[in-house]
Each structure stands twice: as C-alpha cells, then as structure tokens.
2 protein chains.
Amino acid sequence: MLDVGRLRLLREVGLRGTIAGAARSLGLTSSAVSQQLAVLEREAGTALVDRSPRGVVLTGAGRLLAARAAEVLDVLTSARADLDRIGGSVAGPVAVASVASAAATFVSAAVTGLRAAHPDVSVTVTAAEPSQALRLLVAGDVDLAVVDEYDYVPLALPEFVVVRELCTEPLVAVGPAGSFGRRRPALADLAARDWVMPPDDAACGLAVRSACRAEGFEPRVRWETDDMLLLVRAVEAGHGIAILPLLSVPDGVADVDVRPLREPALERRLIAVARASAMGRPVVGTVLEALVEAAKHTLTSQKRQFARPSAL
Amino acid sequence: MLDVGRLRLLREVGLRGTIAGAARSLGLTSSAVSQQLAVLEREAGTALVDRSPRGVVLTGAGRLLAARAAEVLDVLTSARADLDRIGGSVAGPVAVASVASAAATFVSAAVTGLRAAHPDVSVTVTAAEPSQALRLLVAGDVDLAVVDEYDYVPLALPEFVVVRELCTEPLVAVGPAGSFGRRRPALADLAARDWVMPPDDAACGLAVRSACRAEGFEPRVRWETDDMLLLVRAVEAGHGIAILPLLSVPDGVADVDVRPLREPALERRLIAVARASAMGRPVVGTVLEALVEAAKHTLTSQKRQFARPSAL
DNA sequence: ATTAGGCATAAGCACAACTTACGACATAAG
DNA sequence: CTTATGTCGTAAGTTGTGCTTATGCCTAAT
C-alpha cells in the first residue's frame, strides 16, 4: 500500500516547486524529502518529478499521483473535522481573500450556507489575485486564502501554512458561436487560430502559453487582458479564441461557445490556504470545511451543465 | 494528521467484529491491534469500539471514522491501480459471486462496461447470499465476492482476503402509497406500525430489528420473507411497512412509497472481497476496479432519483 | 473445574525515517 | 575568475515508533 506520508510529501513538492521548499513547509530537511521521494518513485515504478537544478516539476504520473494524494489528505482532514465537531462550538470573525472567479461562485455559496448553520460566524470576503491573497495571508490580514494553481506553474506557497484542495475544474476553449465543430477540440487543432489571452504575468496566461508550447506551437495573441468580461466580449467579437478555467467564464454575458478540451486535459486547481497558526481557532476550520463542501457542490453542478450543452 | 495504518486497522476491526480476527487478517498479533486501536482512540478523543469479551463493535464515532478510512483506502488502491495501468494488459476468465440486489444493478453494468473496454476478459456472475458467496470465495470457485454489511451486524470475513468498499446506500422505509407524510419519517415514528421483514437470519432483518431495539421498541412483525418481490407486494397489500436497502427495492412492480429515514441514518455497505492470492492476477484487479466505478455511478444515479421524489 | 477464546499491559527489539555531513552543480554578484 | 547562495543527491549515524513475545484477566462453553 502506498504510504500517505510520502504522498503528502509529493503533493507538497508539486505545490512548492522545489524540494527544499517542501521540506521547509513540512518541517524537515531537504535530504529527507529527497530520500522519501526517491523511495516513492521506486515504489511507483515511474519518474514522478523532472529534476532541474532550479527546482523540480511534476511529471504526468506525478501529477496524477499528487491529485490522488490530495484526495486522501482531504478525506483525512474531513475525518479529523468530524471528530472535532463532536464537542466545541464555533463563533467569531473570519476574513477570506479569494480569486474573483471562486468568490463569485462557491465562496459566496459557502458564506450563505454558513450564515444558516453557524449564525455566530461572520465571514468577510475580499477579492484578490493569488499573490496578493497570499501576502494578505502571511501578513495576518486574512485567515484564509482561496487561490488557484495551474499545470506548468508551481504555486510557490509561503511557509507555515496548511493547504486544502477545493476543486479541480477543466480549462475550456471559448470561441465565437459556431467556431468549434460538434466534437471537443484538441489543443493542437487550435494552433492556427488567433488568440485572446490573459497577460503573461497571470498564471492562467502562462499556463496556456506553456501548454501550447508543449504542443509545439506559439499562440498568435491578438488581444490581451485580464478582465474576464472584456475578454469574453473580445472573443464574441471575433478577435480570437481563448482558453479559460470554466468558473472564470462569465455566464450569459456574451454569445460564445464553450468546449472542454479533448486533449490535453488542462486543469485549474482551486485550493484554500490558511496560516498553520490560525488552525488553532475552530471557526477557521469550520469555514474551511464549508468552502470544501461548497466547492464540491459547485463542481458537480458545473458537470451537470455540460450534460446539457444547450445550457451553455 | 490521522495515521492511515491505524485507520485501516479500525476498519478491519469493524469488518471482522473481533480484534483477534482483524489481527489475523492483517498478519499481526492481537496485541499490536489492541495497542494501535488504543492510540487511535486517544488521538480521536472518543471511544471508537465497545469492548465485550466476545468481541468488539464499533461505536457511532467508530463507524464514522471507519467509513472515512474506507474512503481513504479506496483512493489509495485506485492510485495504485493508476500506476499499474501504465503497463500490462489484462485478459482471462473471472468468476464473481454477488448478492442479488447488486448483481441486478451495478455488477451487471460493470460487466457490460468491461465487455467494451477489455474484450478479452470474460466474467461469469452467480447470485449468492453473503455467507455462501464467501464460502465460494475461500473454496476458490469464484475470484470475487460482492457482499453486503449492515450496522450492528459485523461481517466476519474469512482470512487472507482483501476488501474494497463499493458503495454505501441508505436503508429506506417502504410503505403503502400515501402511508408516510410529506416529511421523511424517523424510525421512532414507525414504532406503532405493523412490519414486513426479512427473516432474522438474514443480515438485513437482524440489522433492522437491532436498530428498532436501539430506538426502544420491538417491531410487531406481521409478515416475514426474504423474497423481495413478495415482500414489496405484501407491503402494497397493507400488511405492514418495511425497511430495506434502496437497491433491494424492486423497481416498478408495486405501488409503494419509498422514503429514506430521517433518523437514524441506517445504511448498507456493499463491499467486494477477493482472495489475497487472486490479486496477483491483474485481470482480477481490473474487474474489481470496474465494479468500484460502476457502483459509484449507480449510487449517484440513485441519488438523482431522490432529487425527483415523483420518480419513485 | 478446565479449556479456549477474547482483550489489555509490560518489556524488549528492529527497522524505518529522520538528521547531520558532505559533494556536485547552477546561477548571480563581486 | 572567484565567491556566495541556491538547488539536489548520497553516505553514515541516531532515534523513535510499532512490532513481538510474555503474561494476566475475564467470560463462555465443555
């Protein structure tokens, strides 16, 4: 049976992008992490990370396994939460910083849900990009940060934080109405198109560009913006196609076609981050659990949307 | 963080009903199991098992935690399967013994799915009660057994087997049309009713009787049968109400109302069992995975049924 | 009574996982 | 080019956890 400690380690390495960083955040030496990672690779029978002197990046198998690891760890912390819930009441203020697309969807849902279940908990939400959200987190201005993470773009988390996976959503191709065939497009099929894209300093833009290069082409970017509404309008106007996380596509503001990619299956992971010290407050744990639950439901309802393509 | 080894141990104890039995099946001494269980209880802060000289039975918290443990272990073996799937083809005959309700639903679905995905795998299914299925398993007549397990009724698995959780379904109250109110009934509300029930030597009957006694009443049994079709017809005819696992309620053969219980949340767990030695054959693992997948889908489609109460 | 099964505790041992120490390599700054 | 600081990996020594063995107590069946 695969060892969970090693799996956690793998996930942390994937999140931090370096072995040394993972070691710091786990309170170990980099030597220990290196050794355990080697053991895990031997057990798995495959390379799980690509080593480079500047850090490491997860291979395909590594990402797969890291995703499973996140599942396992989430269940474990849920179990711990179950046990804690038997005893002890929760109340107090909790500040959350969240990326906009999550704030507009499941974070909002979680807060309304909490208002009913725990009336004494008062949550305040501020929208912030991941880097700013993490700054607010370490500064102590917020208790929880909801940030996103893309393939090819390690997250570089600060130290002394705990991480909780919220949901994984597909990146979808967005194009003018009728611009894709019946079938879900492969990324390689889109090489010749014009592109509308978030700027390169946004993780999303970087991830998509990296994925395109991995497919062997450089996207011809005609329009660049990080305003999702403007971006979708630009697509509608025919300036190009875009690839975005599903939750970031504004609903019903433009007549565009949305299709998940057939291949490669690009994803965005939404994760919640808390200062390890803040986990002493049971309220924070409760809010975190509420976020996890709400994210799970949002994800399934999104899936249902795709079952009825006409709804998009 | 909760230790997975200890969680597996807890689950095994719950399944076997005795510490010594769990120890044998894990290849440990009963002393080790006892010690680790004590550690887990200290970590959890609650009693997880009720000790008696004749064995142990899980407490509420213990069942909760054991369920989480099953989740974790399932994810882990899925991860292992992911890794193995990268290399190695599967073919050959596999014999499965299954309880009827599962055979009629997701086992059938799994087999049709497998026919498409792995044409060289030939599965044969025989319907059998849990005890007989396990006998066939240890005798080597079948490679996999799909059996069910109820609260209050430990399963007493044989040794040298591996266990995989398939799905957990609610026990539902079945009554003549219109016999329940709008709201989901609590078990205590049904104390004064007449009952139709499987016999006491079926795990289902024993579990329901135990649950009733835990609620402080003895069910007035007017009709006793283990034929599900006859049972439902008896309910329709007004001889009493019944409590059955959802999958065991035949679909569309009688005009009855089906309601999940509000409280307590009784459940049936369906699990797959294989001889540990048979896991050397990759085919067996593949069929097992297919069962897990099919069970998962069956469960979600059942949930959807309950979203539209009229459909029942 | 005696046997056989269950569970818990005490004491000792073994291995796994950690730390420390070191070497190789890459980048950035002097 | 040299130095400093970052990365990762390997080797060797240490420690703590989780096992076994040994023992005792309890209950149910013979």
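Since the model is a prediction, treat every value here as computed from it, not as a measurement.
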| Can you check the B:Leu28 CG to D:dT17 P distance for me, whole Å? | 18 Å

| Which ones in residues 9-22 of chain B lie close to DNA chain C, meaning a heavy atom under 4.0 Å from one of its atoms? | B:Thr18, B:Ile19, B:Ala20

| query | Side chains of B:Arg268 and B:Thr168: do they bring a donor and an acceptor to under 3.5 Å? | reply | no

| field | Under 3.5 Å donor-acceptor pair, B:Gln35 side-chain atoms to D:dT20 base atoms | value | yes

| field | Base of D:dT21 paired with side chain of B:Ser31 (donor-acceptor, under 3.5 Å) | value | yes

| What are the 5'-most and 3'-most nucleotides of DNA chain C lying under 4.0 Å from any heavy atom of chain B? | C:dG6 to C:dA10

| task | Let me know the distance between CG of B:Leu7 and P of D:dG18, rounded to the nearest Å. | result | 13 Å

| request: Report the distance from atom CD of B:Glu43 to atom P of D:dT17, rounded to the nearest whole Å. | output: 11 Å

| request: Check whether any side-chain N or O of B:Arg80 sits under 3.5 Å from a backbone N or O of A:Met1 as a donor-acceptor pair, and report yes or no. | output: no

| message | Counting only side-chain nitrogens and oxygens, does A:Arg24 get under 4.0 Å of the OP1 or OP2 atom of D:dG6? | response | no

| task | For the pair B:Thr59 (side chain) and B:Asp50 (backbone), establish whether a donor and an acceptor sit closer than 3.5 Å, ignoring hydrogens and angles. | result | no

| said: Does either side chain, that of A:Thr286 or that of A:Arg281, offer a donor lying less than 3.5 Å from an acceptor on the other one? | reply: no

| field | Atom-pair distance (CD on A:Gln36; P on D:dC8), nearest Å | value | 16 Å

| request: For the pair A:Arg6 (side chain) and A:Leu37 (backbone), establish whether a donor and an acceptor sit closer than 3.5 Å, ignoring hydrogens and angles. | output: no

| message | Would you compute the distance between atom OG1 of B:Thr46 and atom CG of B:Leu40 and round it to the nearest 0.5 angstrom? | response | 9.5 Å

| said: Using side-chain contact (heavy atoms from CB on, under 4.5 Å), reason through A:Asp3 and A:Leu7 one step at a time and then give a plain yes or no. | reply: CA-CA 6 Å; A:Asp3 182 78; A:Leu7 288 179; over 6 Å; no

| B:Asp3 has an atom CG; how far is it from atom P of D:dG16, in whole Å? | 18 Å

Would you give me the side-chain donor-acceptor pairs under 3.5 Å for residues 14-26 of chain B, sequence neighbours excluded?
{"unit_1": "B:Arg16", "atom_1": "NE", "unit_2": "B:Leu157", "atom_2": "O", "d": "3.2"}
{"unit_1": "B:Arg16", "atom_1": "NH1", "unit_2": "B:Glu12", "atom_2": "OE2", "d": "2.2"}
{"unit_1": "B:Arg16", "atom_1": "NH2", "unit_2": "B:Pro158", "atom_2": "O", "d": "2.3"}
{"unit_1": "B:Thr18", "atom_1": "OG1", "unit_2": "B:Gly21", "atom_2": "N", "d": "2.8"}
{"unit_1": "B:Arg24", "atom_1": "NE", "unit_2": "B:Glu159", "atom_2": "OE2", "d": "2.6"}
{"unit_1": "B:Ser25", "atom_1": "OG", "unit_2": "B:Glu12", "atom_2": "OE2", "d": "3.1"}
{"unit_1": "B:Ser25", "atom_1": "OG", "unit_2": "B:Ala22", "atom_2": "O", "d": "3.2"}

| Taking side chain as C-beta onward, heavy atoms only, is A:Asp151 less than 4.5 Å from A:Arg63? | yes

